[in-house]
Each structure stands twice: as structure tokens, then as C-alpha cells.
Chemist: 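Mind looking over this structure? Questions follow.
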Amino acid sequence: MSNTNAYYRVSTKKQQRSGLGIEAQRAAAQRFAEAEGMHITAEYVEAETGKGSDALDRRPQLRAALAAAKAAKCSVLVSKLDRLSRDVAFIAGLMVQRVPFIVAELGRDAGPFMLHLYAALAEKERRLISERTKAALAAKKAQGATLGNRTSIDQAGKIGRGVQRDEADRFAANLLPIVRSIQSAGPIGMVAIAKTLNERGVRTARGGQWHVSSVANLLARANNCVADR
């Protein structure tokens with residue numbers, strides 16, 4: 001059994017106090033570690049934005065996780081790549097530290113090249129979300145809404161989050177029949193579902209391999225979508 005240090009990050013103090021974002025990341029990391037035969041030896045929790053060229057300077061817990069992992073010659077585990085950053089340059093800077101990073105969502109075999117690739121895709125996704133948000137706000141303005149106040153800022157955030165949520169819901173709904181067909185073959189766990197999806201060439205929403213955590217997240221989202229109808 002190999003050791004790893006887990007790193008969890010939220011963007012605001014409010015999110016940290018709620019515990020919701022951190023607990024979701026912790027649950028995903030623990031599921032992944034259990035499935036992969038890994039032991040989480042330490043956890044590092046941070047409330048800080050991932051934006052900016054000086055992001056690492058403003059994230060002492062990430063620096064501590066790096067230092068501890070380097071000393072123990074182990075890896076740093078995160079639930080999703082965006083918990084490190086969506087910025088390609090920042091990810092490249094982390095790779096220079098020569099500490100292996102494992103992203104539960106992408107799988108244990110995703111090396112530095114794959115992390116760079118997915119960071120580039122995440123960076124593009126962020127730009128697309130920003131463009132769609134601006135387009136939605138422009139449409140609101142054309143309809144007579146007043147922009148530039150606190151209400152409009154909150155509204156912009158809701159629009160952006162709504163776009164992300166809707167796209168994730170559509171992906172889960174489209175993939176659920178495939179998962180159900182796999183399950184219909186008999187009692188089958190999430191490890192087997194992930195393996196079957198990978199063997200069939202089905203990719204996650206971000207184009208990655210399936211793992212226990214990503215299957216669990218998909219089923220939870222799909223079931224919530226069904227319950228809401």
C-alpha cells in the first residue's frame with residue numbers, strides 16, 4: 001500500500017466554513033484511495049483562489065503538502081484538477097517541483113503530459129463559460145435589466161454555475177442508459193462499471209478514464225436529475 005498526502009481547496013472562506021466543498025473532495029479522495037490501495041497519511045485544507053501567477057505564494061497549505069510529499073517521497077492526491085488550478089502555466093510550475101500529483105478524477109496513470117493536456121482543456125472550458133456568461137448578461141441587458149450592481153454580479157455567477165450544472169446533468173442523463181445496461185448483466189460494483197466503460201472506449205465529460213469516484217459522481221448526479229423530474 002502506497003502513501004499519499006491529500007490536498008483539498010475551496011475558493012472562499014464561506015465555502016470552507018460550510019464544509020460542503022471540502023467534504024465532497026475528501027469523500028472523492030478517500031473512495032479513490034481505497035479503490036487504488038493507497039493510504040492518505042495527511043490532509044491539507046486551503047481556502048484560496050486558484051487564479052493568478054502568484055497563486056502558489058498565496059497557498060501555504062499546498063506548499064506544505066508539496067514539502068511533506070517531497071520529504072516522504074510520496075504523492076499529492078487531489079479530487080479534481082481544478083482544485084490545483086485551471087491555469088496551464090501554474091500546473092507546469094507544479095510539475096517542476098518533481099512531486100507526483102494524482103488526480104482522482106483522471107486516474108492514477110495520468111502523468112505530467114496528461115495533466116498539462118487536461119489543464120489546457122479546463123482553461124479553455126473556463127474561457128467558454130466566461131463567454132457564455134457574458135452573452136447571457138448581454139441578452140439580459142438587451143431585455144432592460146440593470147447590470148453592474150451586486151444583484152447583477154450574483155446573477156452572473158448563477159448563470160455561469162447554471163451553465164456548468166446543466167451541461168453536467170445532460171452528460172449524466174445521456175450516459176445513464178449505458179451504465180444501466182452494464183448493471184443489468186447482474187450484480188456489479190463501481191470498479192467493474194468503470195472498467196467496462198473504459199473497455200468500451202467511453203470517456204468522462206472531460207475526456208478521461210473512468211474510476212470509482214467518477215462513476216459514483218455520475219450515478220449520484222444522474223439519480224438527482226431523475227428525482228427532480
Side-chain angles (χ1 to χ4, degrees), residues 4-36 38-51 55 59 61-62 64-65 69 75-87 90-91 94 101-108 110 115 118-119 121-122 125-126 129 154 157-173 175-176 179 189-191 193-194 197 203-228:
T4 187
N5 292 334
Y7 175 75
Y8 315 126
R9 182 182 69 84
V10 290
S11 299
T12 67
K13 293 292 184 182
K14 183 178 180 180
Q15 289 175 328
Q16 186 180 44
R17 287 194 297 271
S18 72
L20 297 178
I22 295 299
E23 288 308 315
Q25 293 174 56
R26 178 177 284 117
Q30 290 175 344
R31 286 195 301 267
F32 177 84
E34 182 178 352
E36 295 290 337
M38 303 176 71
H39 175 61
I40 297 176
T41 57
E43 295 181 329
Y44 298 83
V45 181
E46 198 128 59
E48 180 59 67
T49 178
K51 297 179 181 179
R59 290 160 68 175
Q61 289 302 305
L62 179 56
S75 61
V76 174
L77 172 65
V78 295
S79 61
K80 296 183 177 183
L81 186 61
D82 63 9
R83 294 307 83 200
L84 289 175
S85 178
R86 291 189 179 96
D87 186 272
F90 185 84
I91 296 297
L94 290 179
F101 280 92
I102 298 176
V103 180
E105 185 180 50
L106 303 180
R108 195 168 183 173
L115 293 184
Y118 282 113
L121 292 173
E125 179 187 32
R126 183 178 62 188
I129 290 172
D154 292 340
K158 290 178 181 178
I159 291 172
R161 290 190 294 273
V163 170
Q164 286 181 302
R165 183 174 59 251
D166 290 345
E167 290 180 351
D169 286 346
R170 280 195 295 271
F171 179 82
L175 199 58
L176 184 60
V179 175
M190 285 186 285
V191 172
I193 292 174
L197 288 171
R203 292 291 180 261
T204 65
R206 294 188 176 182
Q209 293 281 310
W210 290 94
H211 301 276
V212 171
S213 58
S214 47
V215 172
N217 291 337
L218 174 79
L219 290 175
R221 179 174 289 277
N223 290 334
N224 287 336
C225 290
V226 171
D228 291 339

Chemist: Could you go through L218 and W210, starting from their C-alpha distance and side-chain angles, then the distance that decides it, and tell me whether this counts as side-chain contact (heavy atoms from CB on, under 4.5 Å)?
Modeler: CA-CA 10 Å; L218 174 79; W210 290 94; 3.9 Å; yes
Chemist: Using every non-hydrogen atom in the two residues, find where M190 and V212 come nearest and quote the distance to one decimal.
Modeler: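 It is SD-O, 4.1 Å.
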Chemist: Measure the spacing between CG of N217 and NZ of K80 and express it to the nearest 0.5 Å.
Modeler: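 Separation between the atoms: 6.0 Å.
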Chemist: Can you measure from CG (L197) to OG1 (T204) and round to the nearest 0.5 angstrom?
Modeler: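 Taking CG in L197 and OG1 in T204, the distance rounds to 10.0 Å.
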Chemist: For R26 and E23: C-alpha separation, side-chain torsions, deciding distance, then whether salt bridge (Lys or Arg N to Asp or Glu O under 4.0 Å) applies.
Modeler: CA-CA 5 Å; R26 178 177 284 117; E23 288 308 315; 2.5 Å; yes
Chemist: Hey, could you give me the CD/OG distance between E34 and S213, rounded to the nearest 0.5 Å?
Modeler: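 Here the interatomic distance stands at 12.0 Å.
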Chemist: Would you give the length of the straight line joining atom CG of L77 to atom OH of Y8, rounded to the nearest 0.5 angstrom?
Modeler: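 Answer rounded to 0.5 Å: 7.0 Å.
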Chemist: Answer yes or no: is there a side-chain heavy-atom contact under 4.5 Å between I102 and F32?
Modeler: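 Yes, at least one pair of side-chain atoms sits under 4.5 Å.
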Chemist: Is there a donor-acceptor contact under 3.5 Å from the side chain of H211 to the main chain of A194?
Modeler: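 The answer is no, because no donor-acceptor pair under 3.5 Å joins these two groups.
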Chemist: Locate the shortest heavy-atom distance separating N5 from A65; write the atom from each residue and the value.
Modeler: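 Shortest heavy-atom contact: ND2-O, 3.8 Å.
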Chemist: List the atom of V103, the atom of L81, and the distance in Å for their closest heavy-atom pair.
Modeler: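 Result for this residue pair: CG1-N, 3.4 Å.
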Chemist: Below 4.5 Å, heavy atoms only, C-beta onward: do M38 and S75 meet side chain to side chain?
Modeler: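 Result yes, sub-4.5 Å side-chain heavy-atom pair found.
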Chemist: Does T4 offer a backbone N or O that forms a donor-acceptor pair with the side chain of T41 under 3.5 Å?
Modeler: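 Yes: the side chain of T41 pairs with the backbone of T4.
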Chemist: Considering only heavy atoms from C-beta outward, does the side chain of V10 approach that of Q25 to under 4.5 Å?
Modeler: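 Touching, per the 4.5 Å side-chain cut-off.
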Chemist: Stepwise, does the side-chain contact (heavy atoms from CB on, under 4.5 Å) test hold for V191 with V215?
Modeler: CA-CA 8 Å; V191 172; V215 172; over 6 Å; no
Chemist: Is the backbone N or O of R83 less than 3.5 Å from a side-chain atom of R9, with the two atoms forming a donor-acceptor pair by type?
Modeler: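 Such a contact is found between R9 side chain and R83 backbone.
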Chemist: Side chains of E46 and Y7: do they bring a donor and an acceptor to under 3.5 Å?
Modeler: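 Yes, Y7 and E46 have a side-chain donor paired with an acceptor closer than 3.5 Å.
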